[in-house]
4 protein chains.
Amino acid sequence: MIVEMRKNALPREIDDVIQKAGSLGFSFQQNVGTDKTVIAILGGNTGQISTDIFAILPGVVNVTRIMKPYKLASREFKHKDTIVKIGSAEIGGKKLAVMAGPCAVESRKQLEEATRIVKNAGACVLRGGAFKPRSSPFSFQGLEEAGLEMLAEVKKQFDIPIVTEVVDPHHVDMVARYADILQVGARNMQNFSLLSELGKLKHPVLLKRGLANTVTEWLTAADYVLAGGNHHVILCERGIRTFEDSTRFSMDISSVAVIKKSSHLPVIVDPSHAAGHYSLVPSLARAAIAAGADGLLIEVHPNPKEALVDGLQSLTPSDFRRLMGEIKSIAAALGRSV
Amino acid sequence: MIVEMRKNALPREIDDVIQKAGSLGFSFQQNVGTDKTVIAILGGNTGQISTDIFAILPGVVNVTRIMKPYKLASREFKHKDTIVKIGSAEIGGKKLAVMAGPCAVESRKQLEEATRIVKNAGACVLRGGAFKPRSSPFSFQGLEEAGLEMLAEVKKQFDIPIVTEVVDPHHVDMVARYADILQVGARNMQNFSLLSELGKLKHPVLLKRGLANTVTEWLTAADYVLAGGNHHVILCERGIRTFEDSTRFSMDISSVAVIKKSSHLPVIVDPSHAAGHYSLVPSLARAAIAAGADGLLIEVHPNPKEALVDGLQSLTPSDFRRLMGEIKSIAAALGRSV
Amino acid sequence: MIVEMRKNALPREIDDVIQKAGSLGFSFQQNVGTDKTVIAILGGNTGQISTDIFAILPGVVNVTRIMKPYKLASREFKHKDTIVKIGSAEIGGKKLAVMAGPCAVESRKQLEEATRIVKNAGACVLRGGAFKPRSSPFSFQGLEEAGLEMLAEVKKQFDIPIVTEVVDPHHVDMVARYADILQVGARNMQNFSLLSELGKLKHPVLLKRGLANTVTEWLTAADYVLAGGNHHVILCERGIRTFEDSTRFSMDISSVAVIKKSSHLPVIVDPSHAAGHYSLVPSLARAAIAAGADGLLIEVHPNPKEALVDGLQSLTPSDFRRLMGEIKSIAAALGRSV
Amino acid sequence: MIVEMRKNALPREIDDVIQKAGSLGFSFQQNVGTDKTVIAILGGNTGQISTDIFAILPGVVNVTRIMKPYKLASREFKHKDTIVKIGSAEIGGKKLAVMAGPCAVESRKQLEEATRIVKNAGACVLRGGAFKPRSSPFSFQGLEEAGLEMLAEVKKQFDIPIVTEVVDPHHVDMVARYADILQVGARNMQNFSLLSELGKLKHPVLLKRGLANTVTEWLTAADYVLAGGNHHVILCERGIRTFEDSTRFSMDISSVAVIKKSSHLPVIVDPSHAAGHYSLVPSLARAAIAAGADGLLIEVHPNPKEALVDGLQSLTPSDFRRLMGEIKSIAAALGRSV
């Protein structure tokens, strides 16, 4: 942590900073520049304390963090890539993981059809929402536990693992009874009660990026789950909020490379929520794989026109099959497989 | 809802749109332009259905919503300003409501001192957090129920109502036993389980704007609480996330006028979280009142240097007293009082 | 254009809107909904007039544009893909165009080395800046006309076309004497004097997206050049400004698919300026090609450590060669070539 | 400048950084932390060199700037507030400066009416555009020099100074013959050719903030004008681009306090362009003055319904008079006057 003093700071002000550092168990080094004094606060945990502790002191102009606020998710903490295993599937290795299915579980029949389609086309995990956080109270909110039961049934029938969202810390145990991977939605990325509960499980957690959160905040949120002892975290980029209005969100494709550089965790991409329109999904999906993502989370519906939720961003079965072909070619070009 | 067809759309495609509208109980009007056909979908509830229902149909290029997605929070639904009463205080009337206090409840002594300071300076509600959603798992998380008890004690001692945050739907009843106003933090603005629980109460709810949410989404979130039967919603602007990096968030001062135009709900402003630095708080607080806000939510700490959370954005007692003087002058200039 | 009247708008207010439409040569259609009247303004040029003309009228609540504000750049205006030819190279066809070279022309020797490297690796156009718009007045501003002369020399020596930036409308003729493609930088995307001058040329124009401009505004800027009679416009995505701070800008990968859908113009991507760091460039470059971009604009420097400008985002010769290999594989997987 | 080395950086890598610092005339101090080495680069001009110079070196993970990139505009360079004089008016002192008038000069008659209105209501400078940068090539582009002549005529007739925009570096001399203050529009904030030309003048320059620029970049742009020897720079906040869509731009009210803290230059606010709708302008204008701005730039039109440009954001004469009354009251409450 670098503490910059104002020009002509008083010796007493500089001493205060140094004493504060000492009281927190940190060492320090003082740099007397031509214009101003700068004090480096040194120690292994400076990333986890607030910069405010020094910024509030008299004579301090600015405090800059050198260590990142996240720790367990960092590549400095663990150099080797984390590979998350779900049954026979692996996420984070050479093989790409495509998770696909409808936005919401609507009926047993719809789910069965969707599962058949995505499994045959090469998806290794089925997605489907039973709890749907909707921005309007007047919209369809999901089938809840009945939806989870349908997921469990098709899981057995088609022998395919399941990822589904959990929205309430008090539902964690219930959802964990049915699902293979528990998904944290973008709006809950900083729902710390929820993250703490998930940290107590052994189930893999799919942590979506918040729509207004930096990569640094995202990895710090992952630390909540990791700190609880659950090491099976999969990150999922799904677009951030910007001024651009021709897509629902702006997919931050750069985050894939940034995460591969700073973290050991696997990262997949959800092009469906980023785009908001089926016609843009294949382009984003191909880009994600080429950028180095470890997989995709894609909405596919047997009949998007009849979907109760997010039909516009769902691929039809034939569009999904065509996309899987393209993904396989790109993966092969990069020495990976689907 | 306005459905724009592509150039040379087939008659069958146009018919599909019209039939869909009919099946949902809407009427329609068809506008045959020189270049393309545009169909207006008419009916009182078009704001509450998804545009996707039409956008997914073949031949449709774009769907534009004319009605807003929120309803109960709109000024069209209720023309007269809502005034929320807390004891003898009123929020949304001529008199401004200043809510002040420490970010977090740290100890009985700290809270008592803070309450004395803010009450004497003219605040009408005490703020203080017992549950603190923190972005790092290694930070202080609040005193939880012990903090609520301290709040209840000083409430009685100083005869001042209390606002405090609730972060978990399952804590709503507990927090409601202690607090006068229940605050929903920015990160929970779209925590719909939480909003639904609050809709069942009679307690006023202070709904902070999400840091990546539009005013429209904010008012739609308010609809969740209102739809449950709780009409006592106070909105609170606290800054949005932008590219500007000299402040923690960018306070969207325009939202005050936009809300006064589109909604009947009272709106206050939290300059402390927006600015992130005490030196900027007075300027933002004065601006909020001049813009027409109904009050302020301000962090004040007896000794910011010792604060466990957010000390950097807390005003000292003397800064707060000076600010209250300025606020009173501006309020008077605009025909209001504090 | 859709004009929404307030609830209970007066007949006189509705008449005013209709008369205004008539006076501008538009026809109209009136939709009397249950709650409010909505008037559709019809005609071929409604995209080019300001919505304000109606929004200012009494009783009008909102005006929504249905037609896009751009026209000549739209796929509706010209369905077939535009292919821009530069010597034997084509931009916008099956073959991808990689333009590469140093950010700034620094010396004849540096330029010669850079050209040899990028040409041998498969680039078909040499990039190099002679006029450098720098955010600080104390930074190196480019070699200006001396730099253009060096570009012209290596162009002849290596038989490779040249793209270089023009920053001042009064330099257009001078730059056009040396360069094959004239580049408009992001900060000049809405420098309309400059765009108008470029519209008078026959040279291809590389129009970079402004860092705070929507795709719609970008295509409207392209209309400035096209309206002057110059049909050779190449678009270049280079990242937009967002809150994310781990990259210099956020590359909006979605814009590639959006442009392919809405416009006939070719679009390439500049991963170097978007990323701001060489380690992220290959990931973004691969993503761009997989998304469907028609080419790349990449910074390559013989010795990035000695670069006068933007060394951090420049690839070394060996990194560039490796990337070209990956690009060729991905292109082949998608049925294209480099 | 703080250079952070990677964990286990080689001694040779650390030496390279130190030697580079020496070669640029800087001194340094080395901090050996428990985890990593951090090197402080010290010297008066480290704000003006690029961080890339060090970031590109092997073993360097991150480089953080401590000194700001701007210098002449900083309060550290010049502590006392700059007051810009225009005739008998002063900008930056106790008295607030309200500049008002139509967006575009349309005719002698329109301009005369507008001038009479704004002068009588208390404006001290007349605004009016003769060169209009328009986002569509099909829109009205301004009366150009004929417009400047009209401005000069009403200036004489009403004895009021004039502010008008200059968009092309080659127009600077012409515009300077007519205008008292030369305005740089938001889209030209980083048009460095234009800024350099204005630096050669003695006329005050009104520098609008770019819609995607940070306050730091804005002050760095001001340095361009100041470095040329022209000390008469007035800053003007006019809203930044964000995701919020209920206003045309998001007025960054915080920038007023940030600038007052970091710079000696006067700052005014343009609520008209920020809001985009006349109904929101008074709220924003009042907020600006309460925040501590030194004045306002407001669009007023004798008959907004007939305005050729931006009628929707123009105040009517009576709205402007009412607003001036409110502004006077708020100014008085804060010990200032209009």
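All chains are named by letter (A, B, ...) in the order of the sequence lines, taking the proteins before the strands, and each is independently numbered beginning at 1. Hydrogens, waters and symmetry mates play no part in the numbers below; they use all other heavy atoms, side chains included.
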Quiz item: Is a salt bridge present between Asp52(C) and Arg248(D), judged by a nitrogen-to-oxygen distance below 4.0 Å?
Solution: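 Yes.
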
Quiz prompt | chain D contact via Pro169(C) - which portion, at a heavy-atom distance below 4.5 Å | solution =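 Pro169(C) touches chain D through side-chain heavy atoms alone.
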
Quiz item: By a 4.5 Å heavy-atom criterion (distance strictly below it), what part of Thr214(C) contacts chain D: side chain, backbone, both, or neither?
Solution: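 Its backbone and side chain both get close to chain D.
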
Quiz prompt | Among Ser314(C), Ala55(C), Gly185(C), Ser196(C), residue most engaged with chain D (heavy-atom pairs, under 4.5 Å) | solution =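 Of the candidates given, the most pairs with chain D belong to Ala55(C).
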
Distance, nearest 0.5 Å, that separates [atom1] of [X] from [atom2] of [Y]:
| X | Y | atom1 | atom2 | value |
| --- | --- | --- | --- | --- |
| Asp168(D) | Asp168(C) | CG | CG | 6.5 Å |
| Phe243(D) | Phe243(C) | CZ | CZ | 9.5 Å |
| His171(D) | Ser193(C) | NE2 | OG | 6.5 Å |
| His277(D) | Asn62(C) | NE2 | CG | 8.5 Å |

Quiz prompt | When Lys20(D), Arg241(D), Gln313(D), Glu306(D) are compared by non-hydrogen pairs under 4.5 Å with chain C, the top option | solution =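 Looking at each option in turn, the highest pair count goes to Arg241(D).
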
Self-check item: Student check: side-chain heavy atoms of Tyr278(C) and Ile56(D) closer than 4.5 Å
Solution: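 Touching, per the 4.5 Å side-chain cut-off.
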
Exercise. For Lys305(D) and Leu57(C), run side-chain contact (heavy atoms from CB on, under 4.5 Å): C-alpha distance rounded to whole Å, both residues' side-chain angles, the deciding distance at 0.1 Å, then the answer.
Key: CA-CA 7 Å; Lys305(D) 276 193 263 179; Leu57(C) 298 178; 3.7 Å; yes

Practice problem: Give the minimum heavy-atom separation between Ala212(C) and Leu211(D), together with the two atoms involved. | Solution: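 For Ala212(C) and Leu211(D), the tightest heavy-atom pair comes out as CB-CD1, 3.4 Å.
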
